[in-house]
Amino acid sequence: MSIYDTLNDMQREAVFHTEGPLLILAGAGSGKTRVITHRIAYLIEEKSVNPWNIMAITFTNKAAGEMRERVDGIVGFGSESIWVSTFHSTCVRILRRYIDRLGYGNSFTIYDSDDQKSLMKSVCKKLNIDTKKYKEKNILSQISKAKNDFISPEQYALNNQNDFSKKIIVQAYKSYQEQLKSNNALDFDDLLVKTVELFKGNPDILEQYQERFRYIMVDEYQDTNTVQFRLISMLASKYKNLCVVGDDDQSIYKFRGANINNILDFEKVFPDAKVIKLEQNYRSTQNILNAANEVIKNNKERKSKKLWSDKEQGDKITVKTLENGFMEADYIVSQIKKLKEEKGYKYSDFACLYRTNAQSRAIEERLVSASIPYKLVGGVNFYQRKEIKDILAYLKTIDNGMDDLAVRRIINIPKRGIGATTVEKIQSYADTKGYSFYDSLKQEECIEALGRSGTKVKNFAGFIQMLRTKKNYMSIRELTNEILETTGYLEELRLEGTDEAKDRISNIEELISKIADYEENTENPELSGFLEEVALIADIDSLDENSDYMILMTVHSAKGLEFPVVFMCGMEDGLFPGYMSINSEDPSDMEEERRLCYVAITRAMERLFILSARQRMLHGETQYNRPSRFLGEIPSELIAGSRDNVKRGMSAKDIMETMGRKETRRISKPSDRSMAKPIFESKAFEARQFKVKKADGLDYGQGDRVKHIKFGTGTVVAINDGGRDYEVTVEFDSVGVKKMFASFAKLKKV
DNA sequence: CCATCCACGTTTTTT
DNA sequence: ACGTGGATGG
C-alpha cells in the first residue's frame, strides 16, 4: 500500500506523468493540491529527482504557506530545498541577486499601491498632467495593464503613436519608470517584468535558473497574466517539465490582468502537452454540484467538463427573496440559529459570501445584535493602514534613506512644522543635484536655502541619525518602541482616546508582535530583512482555528475555501452580476461574473442558501433590483419549495419574471431612518471581539510547563508585565530560552 | 503651516 | 452613506 493508492485514477495519472508539459484541469473540490503534493513526492521518491530541482509556484503567500506545509508533510528528506513560493517573492529573490545587470541597485525597494499613487502624483505634477481629466489611479491601471502584457514604455509609445488620447499615458508611463528607477524602486508589476527582462538580456542567468528549476509546477494557472506566463515558459523551455494546474471555470481575476488564454491555449503553445481532467468532486452534494454545472454551462469560452460526485443528493438549495438588506441579514441569523440547534452545526461551519465589501455592514450589524461571533475577511489591508505605514516608513528611513517616499511621508509626522512648500524645495534641490531626498537634508547648502524651516529640517535629519546609531545595538522591536516613544506617536493616539485611536494603537501593538515574531523565528534578524518580508505580505493570516466564528467575505476571497453551509447574499441583477458587467459591450465580462457565481456555489459542501433583497441601500440610495439572472439558470428541481417565491411547478425563470414586475412598482415611502442608521460602531465591536489584545490574565505562571506551537514544550522562567502585553520568558527543552509576547505566542499550559 | 469644509467616487484583490 | 483628498481661509 503506497500513498498513491489513495488517489483516484485521474489523479494518479497526473501524478505519474512527470516528463513534459502537463495541463491538469482541476474542477472545484477535485483535490488538486493533493495531486501537486503527491506529484512532488513521486518525483523525489520514485524518479529520484533532486528536491533542489523542483519549484512550486503560487499566487498568494497563504497558498504558498499551505503548500509548503503539505509538501513538508508528505515529502520526507529534502523537502526544505524545494522552492515553494509566490511569483513575486520568486522574482525578488532572483532580482536581489542580479538586478544590477539592468542598472538598478540590488537593494531596491518595493512600492505598494499607495507608493505608486504618490509617485504618479508627482509625475503628473512634473508633466503638467491635469489630474482632473486623467486620474492617477486610472493612469496607473493602464500602465499596469501594459506591464502585465509585457509592453515596455517604448513599445507602448509605438503601439499608440497615432492615438492622441493615449499620449498622456505614454508620457506618464515613461516618466513613471524613470522616477522608479531613480528611486531604485520597483512596483509589484515590475518585479515580474524586470525578471523577464533580465532573463531576456542575460542568457547565462536564465540558463542557471533553467538548470535549477527542472520541474516546475504552477498552481491556479487560470490566474496567470502574460508576464507570468512568459516567466515560467522561459524557465521551462529547456527541460519542458512544466505542470500547470487550474480551472478555467474559476478564472475570476481578469480585471487585474489574468489572461484566461494562458489556460485555454496551453495545448496550442505546448503541442505535446498532456491534458488531464479531474472531474470528481469530493466536496459538495449532488444538488449543489448540479446547480453549479447548470450555471457554468451557459458560458461559451470554456473547456467542457462536468463535475460529478459520489456523495448523496443532499438537501435542496434554498432560494429566497427578502424585503430588504436588513431582512436578508435577519434571515441569515434565523437560519444559523436553526441549523445550529437542529443539526448541530458550529458557527465556523457557516460562511456568508457577497459580491461587494459594502454588503457586509448590514449583515455584521444583525450578527452583532444576535451575538453571533463572526470574522470579517478583507477590507483594508493591515499593512496599508496609516499608522502601520508611518512606522514602516520610519524603519525604512532608518534602514536606508534611499526611499524618498518613505522619508517624505514621515518628515512631518508627527507635526514638525515642515510643510509642503519646504518639502517641495528640498525635492527640487534633490532633483537638480541628483541627490536622494534624504541626502539633501544633510547638505548645508540645501538647509540654508530653506531659511527659517532649515533648523527644523536639520533637527529631523539629526533625529534619524540618532535612531540609526541606536539601530546598531537595539533589536528591531526596541528600535520601534524608541520611535513610538520619542516621536510621541503613541502618546498622541492615547490622548485622542477615540475608538478609532484605540483601534490604531491595537494595530501598532499587532505590528510589534509581528516584529517580535520575526525576531524570534529568524536566523539572523535584520531590519532590512524584516522590511523585505513585510513588503510582500498582504494579509494578516491570523485565522485562529480554535475559536468558533462564522466567516464573512467576498466571493473572490472565498476561492479555494469550503464551508458546510454557504449563504450567497445579494444575488440581484446589478449587484451580482454587477452593473459594470451588465452594461459592458464585452460579453466575456458577464462570463466572468458567471464564473464568480460558479465559484460561490461550489464553496458549499452541504447546504446552500441563495438570497436576494427587493430593495437595498447602495451608495446612499435605495435601489430596487430583481433577483440575479443566474438564479434562472438553476433548474427548479434543485431548489427547495418556498411559499414566498418558489411554487411547485413554477420554473425559476417564472419566478424571476414575477420578481421583475415588482421592480416597476413605484415605492414612495422614504427610507426608515432608524433602519438606515447603524446602531453601533461595527469597527469598535470588531476590535473588541477579535483583535489581538493584552491577555487579561494568563492561565500559566512562573515555573509552569507550557507548549508553544513551534518551539514545543518548555518551562516558564519569568513573566514581565510590559504594559501593552505580558512578556514571557520560556526555557524550551529543545531550542533554549526565548522571550515572547503572551498574546502572540499563544502558549498553552500543559 | 494647519484646520476645516466640500466634492468626488464608489466591483472584485494580490503582490 | 461615507471616507478620502484637494482647495481654501485663518
Side-chain angles (χ1 to χ4, degrees), chain A residues 58-64 85-92 110-118 121 131-132 135-138 141 144 147-148 186-192 220 223-225 227-228 251-258 353-359 361-362 377-381 383-384 386 412 414-424 452-453 456 500 532-539 541 553-560 570 574-584 589 592-593 595-597 599-600 616-622 671 673 676-678 682-683:
Chain A
T58 64
F59 280 84
T60 66
N61 290 303
K62 193 160 161 256
S85 83
T86 64
F87 274 102
H88 293 266
S89 41
T90 296
C91 291
V92 171
I110 301 164
Y111 277 6
D112 68 12
S113 48
D114 281 346
D115 300 332
Q116 288 180 275
K117 227 171 130 194
S118 31
K121 206 183 274 174
T131 52
K132 286 236 168 66
K135 299 257 174 305
E136 293 97 329
K137 234 174 88 188
N138 221 280
S141 90
S144 176
K147 286 183 178 182
N148 285 159
L186 303 184
D187 65 19
F188 287 126
D189 297 325
D190 278 342
L191 294 175
L192 298 155
E220 305 282 10
D223 291 336
T224 51
N225 62 33
V227 209
Q228 286 160 337
S251 162
I252 53 175
Y253 286 110
K254 185 178 136 189
F255 72 91
R256 70 176 198 217
L353 308 182
Y354 36 78
R355 180 67 237 273
T356 68
N357 280 311
Q359 288 167 257
R361 287 231 165 184
V377 178
V380 192
N381 197 298
Y383 287 99
Q384 277 177 315
K386 184 181 170 300
N412 201 28
K415 304 269 184 291
R416 294 192 177 85
I418 304 172
T421 354
T422 311
V423 169
E424 272 317 298
R452 193 185 290 269
S453 320
K456 296 171 186 164
E500 200 196 313
E532 169 97 287
E533 200 163 287
V534 154
L536 290 176
I537 290 177
D539 61 282
D541 32 7
M553 63 182 142
T554 63
V555 181
H556 279 92
S557 34
K559 194 174 67 145
L575 239 193
F576 196 173
Y579 282 111
M580 302 298 248
S581 55
I582 291 174
N583 300 329
S584 167
D589 287 342
E592 176 132 325
E593 292 286 304
R595 290 193 291 270
L596 195 55
C597 181
V599 167
R616 180 181 297 278
M617 279 288 257
L618 202 63
H619 309 317
E621 57 185 341
T622 310
S671 64
R673 293 187 31 132
K677 240 180 202 157
S682 70
K683 249 188 188 166

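In what follows, every chain begins at residue 1, and chains take the letters A, B, ... in the order their sequences are listed.
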Does dC1(B) have OP1 or OP2 sitting under 4.0 Å from an N or O in the side chain of Thr421(A)? yes
Whole-Å distance, Phe255(A) CZ to dT10(B) P, equals 15 Å
The salt bridge (charged side-chain N to carboxylate O under 4.0 Å, His left out) partners of Lys456(A) (sequence neighbours excluded) come to none
Dump every N/O contact between nucleotides 2-8 of chain B and the protein below 3.5 Å, one line per pair.
residue : atom : partner   : partner atom : Å
dC2(B)  : OP2  : Asn412(A) : ND2          : 3.3

Discussion item. Quick check on dT14(B): is either OP1 or OP2 less than 4.0 Å from any side-chain nitrogen or oxygen of Asn61(A)?
Written reply: no
Show your working on side chain to side chain contact (heavy atoms under 4.5 Å, CB included) between Glu532(A) and Ile110(A) and close with a plain yes or no.
-> CA-CA 8 Å; Glu532(A) 169 97 287; Ile110(A) 301 164; 3.9 Å; yes
Among the nucleotides dG6(C), dT15(B), dT13(B), whichever has the atom closest to the side chain of Lys121(A) is dG6(C)
Picking from dT11(B), dT12(B), dA1(C), the nucleotide nearest the side-chain atoms of His556(A) would be dT12(B)
Leu618(A) atom CG is separated from dC2(C) atom P, nearest whole Å, by 13 Å
Backbone N/O of Lys415(A) and side chain of Asn412(A): donor-acceptor pair under 3.5 Å: no
Judged by nearest nucleotide, the residue sitting upstream toward the 5' end of DNA chain B, Val555(A) or Lys456(A), is Lys456(A)
- Below 4.0 angstrom, N of the basic side chain to O of the carboxylate: do Arg256(A) and Asp223(A) qualify? no
OP1 or OP2 of dT13(B) less than 4.0 angstrom from a side-chain nitrogen or oxygen of Asn357(A), does that happen here? yes
Atom CZ of Arg256(A) and atom P of dT11(B) are separated, to the nearest Å, by 17 Å
Taken to the nearest whole Å, NZ/Lys559(A) to P/dT14(B) is 11 Å
Sorted by chain and number, sequence neighbours left out, side-chain hydrogen bond (donor to acceptor under 3.5 Å, both in side chains) with Lys386(A) holds for Asp390(A)
Atom CG of Asp114(A) and atom P of dT13(B) are separated, to the nearest Å, by 16 Å
**OP:** Show the numbers, then the answer: is there a side chain to side chain contact (heavy atoms under 4.5 Å, CB included) between Glu593(A) and Met580(A)?
**Re:** CA-CA 10 Å; Glu593(A) 292 286 304; Met580(A) 302 298 248; over 6 Å; no
Rounded to whole Å, the CG-P distance (Leu575(A) to dT11(B)) equals 11 Å
Considering only heavy side-chain atoms of Thr554(A), the closest of dT11(B), dG5(C), dT12(B) is dT12(B)
Per atom distances to the Thr356(A) side chain, the nearest of dT13(B), dT12(B), dT15(B) is dT12(B)
Here the distance between atom P of dT12(B) and atom NZ of Lys137(A), to the nearest Å, is 10 Å
request  = Please say whether more than 12 non-hydrogen atoms of neighbouring residues, nucleotides or ligands are located less than 6.0 Å from NZ in Lys135(A).
outcome  = yes
From the candidates dT12(B), dT13(B), dA1(C), the one with an atom nearest any side-chain atom of Tyr253(A) is dT13(B)
Thr422(A) side chain N/O closer than 4.0 Å to the phosphate oxygens (OP1, OP2) of dC1(B)?
yes
Check your understanding: Which part of the nucleic acid does Phe59(A) contact within heavy-atom distance under 4.0 Å: base, sugar-phosphate only, or nothing?
Key -> sugar-phosphate
May I ask you to say whether Asp112(A) pairs ionically with Lys117(A), meaning some side-chain N is under 4.0 Å from a carboxylate O? no
Whole-Å distance, Asn148(A) CG to dT14(B) C1', equals 11 Å
